[in-house]
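Computed over heavy atoms, backbone and side chain alike; hydrogens, waters and symmetry mates excluded.
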Amino acid sequence: MGEPAHDTTTAESETPNDTSPTETAPIEELTGAAAMFANDRASQHLGITVDDHGPGWAQCSMTVTEIMTNGHDITHGGYVFLFADTTFAMACNYPGSTTVASGGDIDFLKPTYLGDELVARGHEIVKQGRSGIYDVTVTRGDDIIATYRGRSRTLPARK
């Protein structure tokens, strides 16, 4: 997937303690996946975290909470899909672009339960022009619990 880099999902520059009130450190402007996640209220509300990402790949984590379980006391598939889809979005949103899903499919392989710690790893399979295909594997420990394939489309610049 790439070498892990620093987490760019939040602004990294902070005002040092020794600056005067008139001095401020420059704030790094967020782009790509970091900018998108900063405004992704749905993923943040569910406690999804972006562990790391770079152009064409991402890793995210999520803990299954009570609100995510269905009538069988297993994780509702919609939450697993949303988790995989968020990871896909982190992988396909390169700096300077706005990329959205044109479709996505998921295969649920094993159930998950309240308190389970899930990790999703996504990577680019192919990118041609404004279209791309990305695969995401969702795991619980060593168990693969779902596989997701997302199709992306990069939007033209806003006028």
Side-chain angles (χ1 to χ4, degrees), residues 1-16 24-65 67-68 75-109 112 116-159:
M1 275 197 298
E3 288 300 313
H6 61 283
D7 183 359
T8 58
T9 57
T10 59
E12 296 170 358
S13 299
E14 296 179 15
T15 304
T24 59
I27 295 184
E28 182 179 319
E29 185 172 332
L30 301 177
T31 62
M36 192 209 70
F37 192 78
N39 291 315
D40 187 342
R41 291 168 296 284
S43 297
Q44 291 176 21
H45 178 74
L46 293 177
I48 295 172
T49 59
V50 179
D51 302 329
D52 208 352
H53 72 279
W57 67 275
Q59 178 177 307
C60 297
S61 298
M62 179 181 82
T63 301
V64 177
T65 63
I67 196 73
M68 297 176 187
T75 311
H76 189 291
Y79 288 106
V80 177
F81 185 97
L82 187 150
F83 177 49
D85 190 62
T86 295
T87 306
F88 155 70
M90 295 298 102
C92 69
N93 271 278
Y94 286 69
S97 71
T98 301
T99 304
V100 297
S102 64
D105 300 294
I106 195 163
D107 291 301
F108 303 108
L109 305 172
T112 60
D116 282 353
E117 301 280 339
L118 307 181
V119 174
R121 293 174 182 88
H123 66 279
E124 184 175 274
I125 300 300
V126 65
K127 186 169 186 201
Q128 291 182 278
R130 294 189 311 143
S131 298
I133 298 174
Y134 296 76
D135 283 348
V136 177
T137 302
V138 181
T139 59
R140 175 191 54 221
D142 292 333
D143 291 332
I144 297 173
I145 62 104
T147 59
Y148 169 99
R149 174 157 280 186
R151 296 173 300 283
S152 71
R153 187 73 171 165
T154 300
L155 301 178
R158 265 190 176 167
K159 296 180 183 187

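- In this structure, Thr139 OG1 and Ile144 CD1 are separated by 7.5 Å, a value rounded to the nearest 0.5 Å.
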**Q.** Intermediate values then yes/no, side chain to side chain contact (heavy atoms under 4.5 Å, CB included), Val138 and Tyr148
**A.** CA-CA 8 Å; Val138 181; Tyr148 169 99; 5.7 Å; no

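- The two residues Arg151 and Gly104 have their closest heavy-atom pair at NH2-N, 3.5 Å.
- Atom CG of residue Leu118 and atom OH of residue Tyr79 lie 13.5 Å apart, to the nearest 0.5 angstrom.
- Under a 4.0 Å N-O distance rule, the pair Arg149/Asp107 does not qualify as a salt bridge.
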Q: Apply side chain to side chain donor-acceptor pair (under 3.5 Å) to the pair Thr99 and Thr154, showing each step before the final yes or no.
A: CA-CA 4 Å; Thr99 304; Thr154 300; 3.0 Å; yes

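- Separation of atoms CG (Asp85) and CD1 (Ile106) is listed at 9.0 Å; rounding is to 0.5 Å.
- At distances below 3.5 Å, not a single donor-acceptor pair connects side-chain atoms of Ser152 with backbone N or O atoms of Ala101.
- Of the possible donor and acceptor atoms, one in the side chain of Arg41 sits under 3.5 Å from a partner among the backbone N and O of Asn39.
- In this structure, Lys127 is not positioned above the aromatic face of Tyr134 in the sense of NZ or CZ being under 6.0 Å from the six-membered ring centre and within 45° of the axis.
- Val119 places none of its side-chain heavy atoms less than 4.5 Å from the side chain of Thr137.
- The shortest side-chain heavy-atom distance between Thr147 and Asp135 does not fall under the 4.5 Å cut-off.
- Distance alone, capped at 3.5 Å, places no donor-acceptor pair between the Ser43 side chain and the Asp40 backbone.
- A donor and an acceptor atom, one from each side chain of Arg140 and Thr112, are nowhere located under 3.5 Å apart.
- Taking every heavy atom of both residues into account, Arg153 and Ser102 meet most closely at CB-CB, 4.4 Å.
- Taking the side chain as every heavy atom from C-beta outward, Ile145 and Phe108 never approach each other to under 4.5 Å.
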Q) Under the side chain to side chain contact (heavy atoms under 4.5 Å, CB included) criterion, do Trp57 and Glu124 qualify, and how do the steps go? A) CA-CA 6 Å; Trp57 67 275; Glu124 184 175 274; over 6 Å; no

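- Heavy atoms from other residues, nucleotides or ligands lying under 6.0 Å from CD1 of Ile67 number 12 at most.
- At least one donor-acceptor pair closer than 3.5 Å links the side chain of Asn93 to the backbone N or O of Ala89.
- Atom CD of Glu117 sits about 3.0 Å away from atom OG1 of Thr63, to the nearest 0.5 Å.
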Q) Can you check side chain to side chain contact (heavy atoms under 4.5 Å, CB included) on Val50 and Thr86, steps first, answer last? A) CA-CA 9 Å; Val50 179; Thr86 295; 5.6 Å; no

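- Between the side chain of Thr87 and the backbone N or O of Phe83 there is at least one donor-acceptor pair closer than 3.5 Å.
- Under the 4.5 Å side-chain criterion, counting only non-hydrogen atoms from C-beta, Asp116 is in contact with Val64.
- Between the Arg121 side chain and the Gln59 main chain, no donor and acceptor come within less than 3.5 Å of each other.
- When all heavy atoms of Ala38 and Gln44 are compared, the pair lying nearest together is O-NE2, 3.4 Å.
- If you take CG on Asp51 and OG on Ser61, they are separated by 3.0 Å, rounding to the nearest 0.5 Å.
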